[in-house]
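Sequential numbering from 1 along the given sequence is applied to the chain's residues.
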Amino acid sequence: MTTSYRFIVLIFVVLLSTLYQFSSLSAADSSSSYGSLLAVQRNGNWIPRCNKMGSRFECSQNPKCKWCHSEALDDMCFSESKAWRLPHQVFFCDS
């Protein structure tokens with residue numbers, strides 16, 4: 001009986017440890033600021049995540065993003081380089 005009790009305690013400790021590590025990772029992810037959801041840092045430069053911006057106002061606030069209209073698809077925000085490559089028959093992007 002003592003062996004099975006020790007085994008159960010060991011399993012319980014491992015389970016708690018795993019849950020604690022998972023919850024601390026989730027807390028670190030959720031504490032990030034809203035701005036980091038809209039941009040990512042690469043080589044010291046902030047590159048906007050234009051596709052995460054859901055409104056024309058948000059998109060127009062960043063000079064590296066373009067708001068593009070479409071009759072066939074939803075209006076979306078794209079980075080300048082992606083907006084330039086979009087098919088002009090489908091999308092019309094703000095300048």
Side-chain angles (χ1 to χ4, degrees):
M1 175 106 178
T2 357
T3 306
S4 64
Y5 178 72
R6 286 181 183 172
F7 181 72
I8 291 173
V9 169
L10 177 66
I11 296 292
F12 183 71
V13 169
V14 169
L15 182 63
L16 282 179
S17 166
T18 305
L19 289 174
Y20 175 75
Q21 289 174 355
F22 179 73
S23 67
S24 66
L25 286 175
S26 297
D29 290 343
S30 64
S31 67
S32 61
S33 67
Y34 178 71
S36 67
L37 294 175
L38 298 178
V40 65
Q41 189 172 14
R42 244 183 244 156
N43 299 330
N45 298 324
W46 283 98
I47 300 170
R49 289 187 180 176
C50 300
N51 62 337
K52 299 293 183 185
M53 298 178 191
S55 71
R56 184 177 185 179
F57 177 76
E58 277 182 323
C59 188
S60 65
Q61 296 300 308
N62 192 318
K64 294 184 178 185
C65 298
K66 300 287 182 196
W67 186 256
C68 299
H69 309 275
S70 172
E71 290 186 22
L73 302 168
D74 291 337
D75 297 350
M76 294 179 66
C77 187
F78 293 95
S79 66
E80 281 184 321
S81 62
K82 286 186 182 180
W84 184 77
R85 293 183 298 214
L86 290 172
H88 299 287
Q89 300 86 352
V90 179
F91 286 97
F92 172 75
C93 299
D94 295 344
S95 47

I'd like to check Lys66 versus Asp94 (side-chain heavy atoms, cut-off strictly below 4.5 Å). Are they in contact? no
For the cysteine pair Cys77 and Cys59, state whether the SG atoms are less than 2.5 angstrom apart. yes
Is it true that Leu86 and Trp67 fall in one hydrophobic cluster, defined by side-chain heavy atoms closer than 4.5 Å? no
By side-chain contact (heavy atoms from CB on, under 4.5 Å) - contacts of Pro87 (at least two apart): Gln89, Val90, Phe91
At what distance, to the nearest 0.5 angstrom, does CG of Asp75 lie from OG of Ser70? 7.0 Å
Would a hydrophobic clustering, with Ile, Leu, Val, Met, Phe, Trp and Tyr connected at side-chain separations under 4.5 Å, put Leu73 with Phe92? no
Under the side-chain contact (heavy atoms from CB on, under 4.5 Å) test, residues paired with Ser55 that sit two or more places apart: Phe57, Glu58
